[in-house]
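For reference, the structure discussed in these notes is given below.
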Amino acid sequence: MGVVVPLRETRSDAASIQRLVDLTAGGMSAVNELILSKAGSNVDLIPEIARHLISSGGKRLRPMLTLAMAELCGYRGDGHVGLAASVEFMHTATLLHDDVVDESDMRRGKLAARKLWGNQASVLVGDYLLGQAFKMMVDVGSLDALRILSGASAVIAEGEVMQLGAAEDIGTTEARYMEVIEAKTAALFAAAAEVGPVIAGADASVRASARSYGMALGLAFQLVDDVLDYGGSASDLGKDTGDDLREGKITLPVILAIQRGQDADRAFWRRCLEERDVRDGDLEQAVALMRTTDALADTVTRARDFGAEALSALEAVPAGAHRDALAEAVDFCIARIC
């Protein structure tokens with residue numbers, strides 16, 4: 001996908017998803033009720049863990065994409081609520097699994113579920129939520145939507161495995177990393193956006209544009225997170241800053257800094273990421289190396305480019321308040337690093 005239009009100027013204190021929140025408020029109320037009901041189980045530990053994460057915040061951007069895209073295409077039923085809840089359950093299950101794989105301690109400003117109930121319980125509850133997600137998809141009755149979301153689930157799992165292969169490998173290329181985040185993060189954004197027009201019966205061009213919007217937004221979202229981990233705040237990220245370094249994660253700013261650095265710099269990255277030997281002051285040194293090599297600035301530029309792609313894709317969907325709100329969501333995503 002090429003960059004067609006420039007991203008609009010944004011300011012972090014002005015950009016907001018409030019219009020999107022307002023437009024989808026009715027649908028999201030129904031989504032939240034459905035989420036709470038489907039997170040229930042006779043096995044006490046399941047709702048306890050699920051609600052720990054579900055009630056801990058998060059903007060619920062992905063399900064809002066499903067609702068907004070369906071509504072802008074004129075959908076009048078309630079099937080989009082079930083699909084939006086499915087999307088959120090898929091995302092929640094991924095978070096539970098990610099925290100186990102990454103050995104993360106915090107999630108959305110709270111202790112990760114694995115720290116409270118253990119790795120086994122976190123993985124199994126994540127599996128339960130995935131099962132509930134697929135049951136809701138079947139209840140909606142759209143084979144196309146089921147195909148899109150089930151396909152996304154498989155792609156996300158592939159992305160997780162690809163990330164394992166790239167973890168702690170300072171030879172990871174930019175192309176390889178982009179493959180990982182397209183699968184691991186952007187695929188669910190793309191599917192969440194596409195199933196709205198699908199259930200509304202929109203034509204193929206609108207479906208494709210919605211998918212392109214979601215994919216580009218997801219890529220921008222992840223690259224912004226990559227930057228924030230080295231220069232943001234815990235409230236922006238929903239986890240501790242510097243976690244990527246401590247967990248040996250190879251992200252785009254790291255890749256660019258390694259490629260452009262000196263031998264001594266690569267030795268530093270190898271110690272921190274491959275040997276997992278992170279010491280006091282290493283996070284500050286990592287940020288300094290990224291600034292010296294323009295790795296952070298260039299990652300921001302790439303995020304803005306994907307934001308521009310997302311805005312361009314929106315031009316092919318029906319105009320109106322929902323489209324404007326979806327455009328503002330792009331601005332909000334990028335503005336987190338402004």
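Side-chain atoms are counted along with the backbone in the values below, which use heavy atoms only and exclude waters and symmetry mates. We're numbering straight along the sequence, starting at 1.
To the nearest 0.5 angstrom, E48 atom CD is 9.0 Å from L116 atom CG. The distance from the CD1 atom of I49 to the CG atom of L96 is 7.5 Å, given to the nearest 0.5 Å. Note: I156 CD1 to M90 CE = 4.5 Å, rounded to the nearest 0.5 Å. To the nearest 0.5 Å, the span separating CZ on F134 from CG on L146 amounts to 7.5 Å. Taken from CE in M69 to OG in S209, the straight-line distance is 8.5 Å, to the nearest 0.5 Å. Note that the CG atom of L72 and the CZ atom of R323 stand 9.0 Å from one another [nearest 0.5 Å].
Between F189 and F221, the angle of the ring planes lies from 30° to 60°, which puts this pair in the tilted group.
Using a 4.0 Å cut-off between charged nitrogen and carboxylate oxygen, R246 and D244 do not count as a salt-bridge pair. Taking a cutoff of 4.0 Å between a charged side-chain nitrogen and a carboxylate oxygen, R266 and D263 qualify as a salt bridge. E174 and R302 are joined by a salt bridge, as a carboxylate oxygen and a charged side-chain nitrogen come within less than 4.0 angstrom of each other. Here K249 does not pair with D226 in a salt bridge; the nearest charged N to carboxylate O distance is not below 4.0 Å. The pair D282-R271 meets the salt-bridge criterion, since a charged nitrogen lies less than 4.0 angstrom from a carboxylate oxygen.
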Verify side chain to side chain contact (heavy atoms under 4.5 Å, CB included) between L228 and D225, making sure each step is shown before the conclusion. CA-CA 5 Å; L228 287 174; D225 267 6; 4.2 Å; yes
Output, in order, the C-alpha distance, side-chain angles, deciding distance and verdict of side chain to side chain contact (heavy atoms under 4.5 Å, CB included) for V43 and Y128. CA-CA 11 Å; V43 180; Y128 175 83; over 6 Å; no
Quick one, R336 with V227, criterion side chain to side chain contact (heavy atoms under 4.5 Å, CB included). Give me CA distance, side-chain angles, the key distance, then yes/no. CA-CA 10 Å; R336 293 184 300 153; V227 172; over 6 Å; no
Verify side chain to side chain contact (heavy atoms under 4.5 Å, CB included) between L164 and E160, making sure each step is shown before the conclusion. CA-CA 6 Å; L164 277 179; E160 294 286 356; over 6 Å; no
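Judged by distance alone, with hydrogens and angles left aside, the side-chain atoms of T66 form a donor-acceptor pair with the main-chain N or O of A192 at under 3.5 Å. Side chain of H97 to main chain of V123: a donor-acceptor pair is present (N/O by atom type, distance under 3.5 Å, no hydrogens or angles). A side-chain donor-acceptor contact under 3.5 Å links R51 to the backbone of L36. Distance alone, capped at 3.5 Å, places no donor-acceptor pair between the R176 side chain and the A166 backbone. Under a 3.5 Å cut-off, the side chain of H52 and the backbone N or O of P47 do not form any donor-acceptor pair. In terms of modelled atom types and a separation under 3.5 Å, the side chain of Y213 and the main chain of L326 share a donor-acceptor contact. A donor-acceptor contact shorter than 3.5 Å links the side chain of T293 to the backbone of L289. In terms of modelled atom types and a separation under 3.5 Å, the side chain of Q132 and the main chain of K38 share a donor-acceptor contact. Formation of a donor-acceptor pair under 3.5 Å by the T24 side chain with backbone atoms of G27 is not found in this model. R62 places no side-chain N or O within 3.5 Å of a backbone atom of V87 that could act as its donor or acceptor partner.
The heavy-atom pair separating A220 from C333 by the smallest distance is C-SG, 4.0 Å. Of all heavy-atom pairs between G159 and V180, the closest is O-CG1, 3.9 Å. Between V198 and A145 the shortest heavy-atom distance is CG1-N, 4.0 Å. Scanning all heavy atoms of the two residues, the minimum distance from E274 to E168 falls at CG-O, 2.6 Å. Heavy-atom minimum distance, L219 versus F306: CD1-CE2, 3.5 Å. When all heavy atoms of R114 and E103 are compared, the pair lying nearest together is NH2-O, 3.0 Å.
No side-chain heavy atom of I255 sits under 4.5 Å from any side-chain heavy atom of M178. The shortest distance between side-chain heavy atoms of C73 and V317 does not fall below 4.5 Å. In this structure, the side chains of H91 and E88 come closer than 4.5 Å at one or more pairs of heavy atoms. Put simply, the side chain of D265 does not reach to within 4.5 Å of the side chain of R260, judged on heavy atoms. Two residues are said to be in side-chain contact when any heavy atoms from C-beta on lie closer than 4.5 Å; W269 and L245 meet this criterion. Looking only at side-chain heavy atoms (C-beta outward), L143 and R147 stay at 4.5 Å or farther from each other. For the pair I35/R60, a side-chain contact is recorded, criterion being any heavy-atom separation below 4.5 Å from C-beta on. Between V254 and M290 the shortest side-chain heavy-atom distance falls below 4.5 Å.
Other residues, nucleotides and ligands contribute only 12 or fewer heavy atoms inside 6.0 Å of the CZ atom of R291. Surrounding CD of E275 are more than 12 heavy atoms belonging to other residues, nucleotides or ligands, all under 6.0 Å away. Within a 6.0 Å radius of CD in Q259, other residues, nucleotides and ligands contribute more than 12 heavy atoms. Around atom CG of D78, no more than 12 heavy atoms belonging to other residues, nucleotides or ligands sit under 6.0 Å away.
Residues V155 and L95 are members of separate hydrophobic clusters, defined by side-chain heavy-atom contacts under 4.5 angstrom among Ile, Leu, Val, Met, Phe, Trp and Tyr. The hydrophobic cluster containing L65 also contains F332, counting ILVMFWY residues as joined when their side-chain heavy atoms lie under 4.5 angstrom apart, directly or transitively. A chain of hydrophobic side-chain contacts below 4.5 Å, direct or via other Ile, Leu, Val, Met, Phe, Trp or Tyr residues, connects I17 to L314. Hydrophobic cluster membership is shared by L34 and I54, with clusters built from Ile, Leu, Val, Met, Phe, Trp and Tyr side chains linked at under 4.5 angstrom. L23 is not connected to L67 by any chain of hydrophobic side-chain contacts under 4.5 Å among Ile, Leu, Val, Met, Phe, Trp and Tyr, and they are in different clusters.
Partner of Q222 under the side-chain contact (heavy atoms from CB on, under 4.5 Å) criterion, chosen from T185, L217, T251: T185.
Between the side chains of E247 and S104, a donor-acceptor pair is found at a separation under 3.5 Å. Side chain to side chain, D203 and S205 meet the donor-acceptor criterion of an N or O pair below 3.5 Å.
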